[in-house]
Amino acid sequence: MINITFPDNSVRQFEAGVTPLDIAKSLSEGLARNVLSAKVNGKMWDAMRPVNEDATIQLFTWDDPEGKATFWHSSAHLMAEAIEALYKGVKFGIGPAVDAGFYYDIDTGDITLTEADLVAIEKKMLELAREKQTFERVDVSKAEALKYFTEKGDEYKEELISELEDGTITYYKCGAFTDLCRGPHIPNTGFIKAVKLTSLAGAYWRGDEKRKQLTRVYGITFPKQKELDEYLVLLEEAKKRDHRKLGRELELFMFSDTVGKGLPIWLPKGTELRLRLQEYLTKIQKEYGYEQVITPHIGGKQLYVTSGHWDHYGEDSFRPITTPEEGEEYLLKPMNCPHHCMIFKWKPRSYKDLPFRCAEFGTVYRYEQSGELHGLTRVRSFTQDDAHIFCRPDQVKEEFIRVMEIIEIIFKALDFKNFEAQISLRDPNDHEKYVGTDENWAKAEAAIQEACAEKGLPAHVEYGEAAFYGPKLDFMVKDALGRKWQLGTIQVDYNLPERFDLTYIGADNEKHRPVMVHRAPFGSMERFVAVLLEHCAGEFPLWLAPDQVIILPVSEKYIDFAKNLQSYLKKSDIRALIDERNEKIGRKIRDAEMKKYPYMLIVGEKEATENQVSVRKHGQVDLGTMPTDDFAAMIRKQVEEEQNKR
Ligand SMILES: [Zn+2]
Ligand SMILES: [Zn+2]
């Protein structure tokens, strides 16, 4: 008999060789029908794989992220089986689960897969799924595995196997398809009831531009057709909200290969939006005791040797820039932290001066492979809403609370109603790999958890996820479509103060190390604007809209009145533009609705003579006619309310 320990710490005895599925059966028939995989002694495990020793166990169903990952990864096998059945001689790279679905990288040889092929593959997958094929786990020797794939002629699997250690290699057989895989997989393919292959893309083998480009087939599967239908509706809506599409339509930003791949260019309207965000954050940060600084876009190489970034990321960064005469080496700034450390070091600091909160909208440059670039979310240049807090160990908790308050204020002002946090702490079994004293870590880890509890922020703890230099807190928001986005981070750092030998004089007149806290509520302006666009579908809150008002004269006769009105509004800090086109008013209204301007002011004879405006709110709400003063006051009031939802 073996002892099985459940997540609630209860222990039950089972015969050795029991499977997670058997264990599920002993708990409830319902669970047994739904169990997809398990975690046994911390390792992911097939529901059908025997357990032979005392173990802790967690069972996963579709409702758990782990269960979904197993389901989708198993679907990648099923897709590969279907593809191999339909197209002889194709070779397979890797086929993992992703956030929503799975992909498989495939060398299709002379065949070019098209959308029509995807439909045929879907059909084949469903056919094979109905056969309820099991996933059979087989241990193989390295020699055997190499032989199998050499004979099959799949050099990609051969390469993967050659890097594995003998004695650790497993196959999974599903129907006619055998794959090199660690597992786990779902009990059988019958769980897969609905399939959609969503797209085709090119992907370099192992992400290396110098190697062969394979075909990446993306797909998603569900245990119920209804769930696929709902997903497809969501996908359609997500396409409409794609920030790249909205960015073009609303004239916010552009990209140009001539300027450089992955280097966003902010157009006037996008710049207006971004500056509003920056001004808003700056204002709140001032209230919270931050001091703004500006540092250059490049830094001497030695700065990053000292910080350790050169050793860590140097190889994967833009190459150094050299001066023509002296041969000095500079790097495009990959982060602002080292510059801010130098600001701290610039003069002696006393314990009474702390915390020192140093903020900068700092533009940084990081090399990303061109294939990885994506709109504003994966770029090579971006501006962090960065700040570094240098404080005493006893101030960490207070500083976390203050940063959390700032983030809360911003999220509220932008109508993000659902946000949560992840706390990343040390691996409790290995305190060796971290820099900084045990005492300080313990203090900071407790401080973060207490700060979340005090602020009532829903947070879950991940052990072992902390960076080697300190624990951190990540903020996740859920957008209007229920998608989760990771945004801001608060990160404790015991490493850089050490490397830069930062000190302050304590009350005891001795030198002490400050704690450094990195924080960026938005993450970066680029990423944040992308998320915001997809969240609000381009319908920005009034305070943020690049153009808050559009004035629609009913005919050319009223353009002068419209211009006077525009400059009057400008003086009231209201951003207005005029549709001067010689179009019918109905057309102008329709176009303005399309462009999502929050307010339309229709002006004609009556309005011009009585200094009034006829107001329509976006979404076809007629607010009637009112004096221009009243309209301006109404707008100012709405902006103020939106910015102060604290
Ligand atoms: Zn697998
Ligand atoms: Zn930093």
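Along the sequence shown, residues carry numbers from 1. In each ligand, atom 1 is the first atom listed, and ligand 1 is the first ligand listed. Keep in mind it's a predicted model, so treat the numbers as computed, not measured.
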What N/O/S atom of His518 gets nearest to the Zn ion (ligand 2)?
ND1
Need the atom name: nearest N/O/S atom of His73 to the Zn ion (ligand 1).
NE2
Between NZ on residue Lys472 and CZ on residue Phe400, distance to nearest 0.5 Å:
11.0 Å
Non-hydrogen atoms of Ala467 and Gln491 that approach each other most closely
CB-NE2, 4.1 Å
Is the Zn ion (ligand 2) less than 2.8 Å from an N/O/S atom of His388, whether that atom is in the backbone or a side chain?
yes
Checking distances from the Zn ion (ligand 1), one finds that the N, O or S atom of His185 closest to it is NE2
Can you confirm whether the side chains of Trp62 and Glu227 place a donor and an acceptor under 3.5 Å from each other?
yes
Any chance you could lay out the salt bridge (Lys or Arg N to Asp or Glu O under 4.0 Å) test for Glu165 and Lys142, step after step, and finish with the verdict?
CA-CA 7 Å; Glu165 233 171 88; Lys142 191 166 179 170; over 6 Å; no
With distance as the sole criterion, is a donor-acceptor pair present between the side chains of Glu360 and Thr295 under 3.5 Å?
yes
What is the name of the N/O/S atom of His77 that is nearest to the Zn ion (ligand 1)?
NE2
